[in-house]
Structure formats: structure tokens, C-alpha cells
Amino acid sequence: MIERLQAPRGTFDVLPDDSERRAAVEAAARQVLGAAGYRRIETPAFEATELFARGVGESTDIVQKEMYTFEDGGGRSLTLRPEGTAPICRAYAEHGMHKLAQPVKLWYLSSFFRFERAQAGRYRQFWQVGAEALGSDDPAVDAESILLAVALLDELEVQQVRVRVSSLGSLAARRDYRERLQEHLRAHADQLSAEVRARIDLNPLRAFDSDHPDTREVMREAPRLLDFLSAQDAEHFAAVRALLDAADLDYEVDPTLVRGLDYYTRTVFEIESGALGAQSAVGGGGRYDGLVEQVGGPPTPGMGWAAGVERMLLAAGEGRAVAPEVDLYVAVDGGQPARQAAFALAAEARRARLHAQLELGGRSLKGQLKQAGRVSARYVAIVGDTGSALRDMDSGDQEDVQVSGVVARVLRELRGLGA
RNA sequence: GUGGGCGUAGCUCAGCUGGUAGAGCUCCUGGUUGUGGUCCAGGUGGUCGCGGGUUCGAGUCCCGUCGCUCACCCCA
């Protein structure tokens, strides 16, 4: 026997029940973001590898080991998009959007690809909803962006949401700070846990998350990024916070918050859900004032975020899927003449905008009625070779109705019900 | 890449100390409800993940391998 093929590791099929819940995410995003003036954008599923190398940053895990990179027939190096911000900045520059009224507000719902070990809430092909506002460095853009992310999660009833906010300052300030932190860690290396010590060069910020008692002792004395901000950056962050406070958002300032992409500057934030497993981040984002320029556009400030669709769904708990309604089920009780009449009746019903299904499974009449009940059909037309009947599935009432009169009769009944 | 858990019908699972596969649900058919939603009966459906080994005999023991899953890491 031939080996049974499976979906590739880390990917999944969206089955009909799931697809209805995902459609609800799309509708919520359209509603929440559309109301704030964001318009939807779609970019290609793959881009020049260079875009991510320059945009996301050579040193990031994403670029170093998580990209699906391949060469096309023309010898170009392409990469399945691992994130959405760099492509949007590319599109902004490519289409001269800096000439439009600023900021340009865009949202997307797309799939992304990262070569990682799959686990709860983490996949190799996954979906994100994101929003980007390009062309303004006003703190109100930052605050509004964060509020919209929270509003979307709220709309989807994502449970146990926590919002953390911080500021990374400029790239230069961050670099300075990183060195100072590494110096501090090296000076106290003997007190650190082995894991933290091993990561001093790679990711010193991680040391703040350690549970190791001695390490925590060392970190109490460690320099804080927020103290390294320039006057303007500190002022900007204060303004963002004032706006979030004014909006009554419940959040906490976390000076150890780091985002794994190099392009972030100033404001960063992350939204977690306690309803998730180890992959607890449902969404996150921040400001990226140098990114458009980095990918070849004019100097342009930007601010945005992304939220994982699978994680939102996971943290939102079970929503019941609503199956499509069925107004009329056309059952066949006879031979070839009945089958043809039934087929024509179903087509006629659909032209009249009824949700109509025809028996396609070759079932017995009993089986057909059972199927009609299963799909919650409101009416069933039973078409025989010489006559036909219409059955009301709610009341069980049934009467003879000519095939030619079925559609008009159903329409009249449905209207009568005020439907 | 590194660990832990798990792999028996479409789904949820039983299979005790090894003896040639079972249940419930689903689906189909028939009976009973005037032809559905109740009840009854029957039926379809299984390479016991895969490959070796031990044994007269393995779903059950041993080794390997693949897959799923959770966690580390990282992130959405």
C-alpha cells in the first residue's frame, strides 16, 4: 500500500468548522481597524531575501535560522515572508505612499512562514492580523496603535490579557545599553546561572527573566534601558504613556521587554494571554522609525503590531461554529423523472436566492429526511415521479405542492415568518 | 537543534501476566414513529505508525525509525 501523505510538520488544514471561527477574526479586524481608518493591504507571500536580511536584521533568529529561503528558476534568492512589517515598508516606498496624506494606515491578514519546532500556538505556517501606521512619529500614533490591538483582542474575547509597554530608544542608545549590560553581567559572571552566562553575548536581556536567585540578585543592580534614553525619546515615551493612561488602558511598564526584530525603536509593546501555554504572546509590536529608509525609501517613521490568529483563537476559548442555514432541502422519491425535476427545482430555488440543497448522497427517503434534519433545513420538498410535497421541518406539517409552486410557496412562508 | 509524553477503526478510547482485534459515537440500510429529530436490529470501516528482533505464536516483550504533542530556545 502507498504511504499516506500528511500535511507538512508545523502546518495544518483549516477545516470547515475552523474556517467559520477564522472568518469571525477577519470580520472583527475589518470592523475594529476599518473604523479607525486603516485600509487593507496584501503583499506577496514571498519577497527578495534581501528585504528581510536588511529589514528584520541579520543577527536575528528569524533571519539566521528560521527563514524558508529558496532560489527560483531565474537564480533569484527569495524567501517566504516570515513577518509582515518589512514587506509593507517595501510597498510603501515602492508605491510612493509618502506622497499621500500621512500617516498611511494599513492592515493585513496574511500567512507567514518560519522554520521552527511546532508547539502549542506555534506553527511553521501561521496567520497574523497586523496594523501599520507610516509617516508620523506622533506619540498619539503609538498609543492609538496599542489601543487598537487591545480592542481587537477584546472584540474576540481573548481571555486573561496583559499588556506590557516599554521604550527601546534609538538604535545607538540600545547598542550602548547592551554593552553596559554585558559589562555588568561579565563583572558578576560567577554569580550567574550557567544558562544566563552562556547567553551574555547572544541575548543579555534574557538575564532579566531568570528565576535563579543569585542571578536575580545581580540583575537588581543591573543598568536599565529606560535610563539610557535620550531626552527626546524619554519625552516621547512619557507622552505615549500619558495617552494610554488617559484612555484608561490597563498596562504595565516593563523595562526588560525586548522584541526579537532589529528594526524597533522607541515604543515597544507585547500582549500576552494567561490562557495560552508557553507561547503566551498573542501579539506585539512597536515603532520602527528607520525601517522604510532601511529598505530603500525616504526616511519615514512607522508604528505597528501583529497578532497571531491561531493564538487569538486558542486564547478566546471555544466559540461555537455556526453552520450555514438551509431554507429548502430537495429530496427525491422516485426515478429519473423525479431526479430531473428535483435538480431543476434546487437550481430554481437558488436563482430565487434561497439556500437550497439537493440530495447528492443516493440515500433512501428516510436517509434524505435525516440529512435534511442534520443540516437544519427549514423545508423539505419531496419530489416524486408524478407529484410532490412540501414539508415544514419545524412543525412536521406536510402538504402536496406542485413542483412549479414550491419556490413561491417557500418564499411566502419565510416572509410570513418575518425572516 | 535538545528533552519529556504519546502513537489500536473517521472521532474518543478498551485490550489483564504474549495466543491470530473490541466498545461508544459517526456514517449507511431495515423496522417503528404517516417519510427526519425517539427507540430497535443489522451493516460499512482496522497495514494495531513503520522496520527489524525474541518466540511455536506479538497490538501486547526488545531494538531502531518515523510521526504527533508539550517544553527549552525564540516568538505571533
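Numbers restart at 1 for each chain; the letters A, B, ... are given by sequence-line order, proteins then strands.
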Kindly compute the distance separating [atom1] ([X]) from [atom2] ([Y]), expressed to the nearest 0.5 Å.
X	Y	atom1	atom2	answer
A:F46	A:S77	CZ	OG	12.0 Å
A:L33	A:K105	CG	NZ	10.5 Å
A:E221	A:H184	CD	NE2	6.5 Å

Got a donor-acceptor pair under 3.5 Å from the side chain of [X] to the base of [N]?
X	N	answer
A:R122	B:C74	yes
A:E272	B:C75	no
A:R117	B:U2	yes
A:R374	B:C27	no
A:K370	B:U29	no

Taking atom [atom1] in both [N] and [M], what distance in whole Å separates the two?
N	M	atom1	answer
B:U26	B:G46	C1'	16 Å
B:G45	B:A23	P	14 Å
B:G67	B:C25	C1'	26 Å
B:G57	B:G24	C1'	31 Å
B:U55	B:G42	P	44 Å
B:U54	B:C62	P	15 Å
B:G59	B:G22	C1'	12 Å
B:G18	B:C11	C1'	29 Å

For residues A:Q125 and A:T11, is any side-chain donor paired with an opposing acceptor at under 3.5 Å?
no

Can you measure [X] atom [atom1] to [N] atom [atom2] for me and round it to whole angstrom units?
X	N	atom1	atom2	result
A:R378	B:G37	CZ	C1'	14 Å
A:R81	B:A76	CZ	C1'	14 Å
A:E310	B:A76	CD	P	13 Å
A:Y108	B:A76	OH	C1'	9 Å
A:M393	B:G37	CE	P	9 Å
A:L369	B:C28	CG	C1'	16 Å
A:Y329	B:G37	OH	P	14 Å
A:L276	B:C74	CG	C1'	15 Å

Is there a Watson-Crick or G-U wobble partner for [N] with both distances under 3.5 Å, and if so, which one is it?
N	result
B:U2	B:A71
B:A9	none
B:G30	B:C40

Counting only N and O atoms by type, is there a donor-acceptor contact under 3.5 Å from the side chain of A:Y177 to the main-chain atoms of A:P223?
yes

When you measure from the side chain of A:R114 to the backbone of A:I62, do you find a donor-acceptor pair of N or O atoms at a distance under 3.5 Å?
no

Quick one: label [X] by what it contacts on the DNA or RNA (base, sugar-phosphate, nothing), any heavy atom closer than 4.0 Å.
X	result
A:R9	sugar-phosphate
A:Y123	base
A:G396	base
A:Q368	nothing
A:G121	base
A:M312	nothing
A:A307	nothing
A:I382	base
A:A120	sugar-phosphate
A:E66	sugar-phosphate

Worked check of side chain to side chain contact (heavy atoms under 4.5 Å, CB included) between A:L345 and A:V407:
CA-CA 8 Å; A:L345 173 57; A:V407 169; 3.8 Å; yes

Picking from [options], which would you name as closest to the side chain of [X]?
X	options	value
A:Q6	B:G67, B:A76, B:C73	B:G67
A:R363	B:A71, B:C73, B:U29	B:U29
A:R114	B:A71, B:U29, B:C75	B:C75

Closest heavy-atom pair, A:V32 versus A:A151, reported as atoms and distance to 0.1 Å, is CG1-CB, 4.0 Å

For B:A71, take OP1 and OP2 only and decide whether either is under 4.0 Å from a side-chain N or O of A:Q119.
yes

B:C28, OP1 or OP2 - any side-chain N/O from A:S364 closer than 4.0 Å?
no

So among A:R162, A:R224, A:R164, which one has a salt bridge (Lys or Arg N to Asp or Glu O under 4.0 Å) with A:D254?
A:R164

So, A:F126 and B:A76: ring centres less than 5.5 Å apart, planes less than 30° off, yes or no?
yes

On RNA chain B, more 5' by nearest nucleotide between A:G362 and A:L365 is A:G362

Taking for each residue the nucleotide of RNA chain B bearing the nearest heavy atom, is the 5' side occupied by A:K366 or by A:Q128?
A:K366

